[in-house]
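Contents: one structure, followed by commentary.
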Amino acid sequence: MKARLHNVDCIMEVHDARIPLSGRNPFFQESLGIKPHLLILNKMDLADLSQQKRIYKHLKEKGVENIIYTDCTKDENIRQILPKITELIGSSQRFQRAEIPECSILVVGVPNVGKSSLINSLRRLHLKKGKASRVGAEPGITRAVLSRIQVSENPLLYLLDSPGVLSPHIETVETGMKLALCGTILDHLVGEDIMADYLLYTLNQKEQYRYVEKYGLDGPCPDIESLLKKIALKLGKTQKVKALTGVGDVNITVPNYSAAAYDFIRTYRRGELGQMTLD
């Protein structure tokens, strides 16, 4: 990224709108901060937008002035991006790039926040063209800083997609759990049962009880074990295990807690448990 910086006019940092204050890699501002910067809070359809004023205030106190919320499935907010980038570049010194007609924007962010989806949405909106970057539901789809991807004809703009880069030092365990719930860390590296436990704690703390209706429960669940048992039984997610008895091994059927935790997490990520900002 630093090697490409002399050919870049603006930095577009993409982050998950559910964790606007957590997990952003400080490298992006420390090492790339000499260029104009735009923060895109993507996946706004999954976040609690009633928190926007608080988020804006906190980010501006941290020196982040240019912020846009986006949802890659809708064009309304996507349309704001290129005019804002054009404005930022127009008000900055381009130095050795002043004579070059086109502008280049480096797209950065932590893994799985929708960088490639955003690029594809910009191409579809402004060029009426299809996908240029691979996308996926897991982190690690983009693995190299790619060649330039055109997203606009007038003005002539190119984007450089880049791999998601996490900070080598995650501030706290809670920040790590938030990143994991949003899919920026592979689930098995944290553990679905641990993630499900933190998710239930957060839902109850924020009084978000849609999971009660989703899984047909009698009321909010105070502990993860009882919740996962109910989810497993409701969805038929069971497994056979061997039990030692006085007369030999016996196969018994027990709830599959891992499969239930996996379903609970995926249901949250799809937005079926309500819009929630984790920060």
Side-chain angles (χ1 to χ4, degrees), residues 1-6 8 10-44 46-48 51 54-69 105-118 136-146 160-202 205-206 261 265 268-269 276-279:
M1 292 181 191
K2 292 174 78 172
R4 292 291 189 100
L5 202 57
H6 66 282
V8 167
C10 182
I11 306 295
M12 184 167 76
E13 180 186 353
V14 185
H15 200 62
D16 196 308
R18 292 169 291 181
I19 48 171
L21 309 179
S22 296
R24 289 176 57 220
N25 192 335
F27 161 83
F28 297 139
Q29 282 190 302
E30 292 169 5
S31 299
L32 309 178
I34 59 174
K35 299 288 184 176
H37 175 271
L38 174 63
L39 176 62
I40 303 292
L41 294 176
N42 198 27
K43 305 185 182 182
M44 63 181 287
L46 302 176
D48 179 6
Q51 301 293 315
R54 176 180 67 86
I55 299 302
Y56 278 133
K57 182 176 183 294
H58 188 92
L59 287 172
K60 288 187 176 181
E61 288 174 355
K62 298 289 185 180
V64 183
E65 294 291 336
N66 305 294
I67 307 160
I68 296 177
Y69 276 80
I105 297 94
L106 178 61
V107 184
V108 300
V110 300
N112 203 30
V113 291
K115 296 184 295 297
S116 297
S117 295
L118 190 65
E138 290 188 347
I141 296 297
T142 304
R143 296 183 180 274
V145 180
L146 303 177
L160 284 170
D161 197 4
S162 66
V165 182
L166 276 171
S167 171
H169 304 290
I170 296 175
E171 299 168 359
T172 64
V173 172
E174 187 169 16
T175 296
M177 295 306 303
K178 291 175 182 179
L179 287 165
L181 277 181
C182 292
T184 65
I185 302 172
L186 291 170
D187 293 349
H188 71 271
L189 297 177
V190 180
E192 284 91 346
D193 54 340
I194 298 172
M195 293 165 60
D197 194 4
Y198 180 75
L199 175 58
L200 177 63
Y201 162 77
T202 305
Q205 185 185 50
K206 294 181 178 291
I265 293 165
Y268 161 71
R269 288 176 179 165
M276 184 170 67
T277 297
L278 297 175
D279 285 333

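Remember, it's a predicted structure, so these values are computed and weren't measured experimentally.
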side-chain contact (heavy atoms from CB on, under 4.5 Å) partner of Thr277, the single match among Asp48, Leu41, Ile19: Asp48

Side chain to side chain contact (heavy atoms under 4.5 Å, CB included) between Val108 and Val165, intermediate numbers included: CA-CA 8 Å; Val108 300; Val165 182; over 6 Å; no

Residues, nucleotides or ligands: over 12 heavy atoms within 6.0 Å of Glu65 CD: yes

Gap separating the NZ atom of Lys115 from the CE atom of Met12, nearest 0.5 angstrom: 10.5 Å

Any Val8 side-chain heavy atom under 4.5 Å of Leu160 side chain: yes

For Ala17 against Ala47, the heavy-atom pair lying closest together: O-CB, 3.6 Å

Euclidean distance, Thr202 OG1 relative to Lys178 NZ, rounded to 0.5 Å: 8.0 Å

Pairwise side-chain contact, Arg54 with Leu21, heavy-atom cut-off 4.5 Å (strictly under): yes

Candidate pair Asp197 and Asp193, rule side chain to side chain contact (heavy atoms under 4.5 Å, CB included), full reasoning: CA-CA 6 Å; Asp197 194 4; Asp193 54 340; over 6 Å; no

Pairwise distance NE2(His169) to CG(Asn25) - rounded to 0.5 angstrom: 10.5 Å

Taking every non-hydrogen atom, the tightest pair across Met195 and Leu181: O-CD2, 3.7 Å

Rounded distance [0.5 Å steps], CG in Leu278 versus CD in Glu174: 9.0 Å

Rounded distance (nearest 0.5 Å) linking atom CG of Asn112 with atom OG1 of Thr184: 7.5 Å

Beyond-backbone contact of Tyr268 with Arg18, side-chain heavy atoms, under 4.5 angstrom: yes

The single option from Leu38, Asn42, Leu39 passing side-chain contact (heavy atoms from CB on, under 4.5 Å) against Val14: Asn42

Nearest non-hydrogen partners of Thr175 and Ser22, listed with the distance: CG2-CB, 4.2 Å

Residue pair Val110 / Val113: nearest heavy atoms and the distance that separates them: O-CG2, 3.3 Å

Heavy-atom closest contact (Asp16 atom, Cys182 atom, distance): OD2-CB, 3.7 Å

Side chain to side chain contact (heavy atoms under 4.5 Å, CB included) between His37 and Asn66, worked out: CA-CA 7 Å; His37 175 271; Asn66 305 294; 5.8 Å; no

Closest contact, heavy atoms only, Glu192 versus Asp187: OE2-CB, 3.7 Å

Approximate separation, where rounding is to 0.5 Å, of Arg24 CZ and Leu166 CG: 13.5 Å

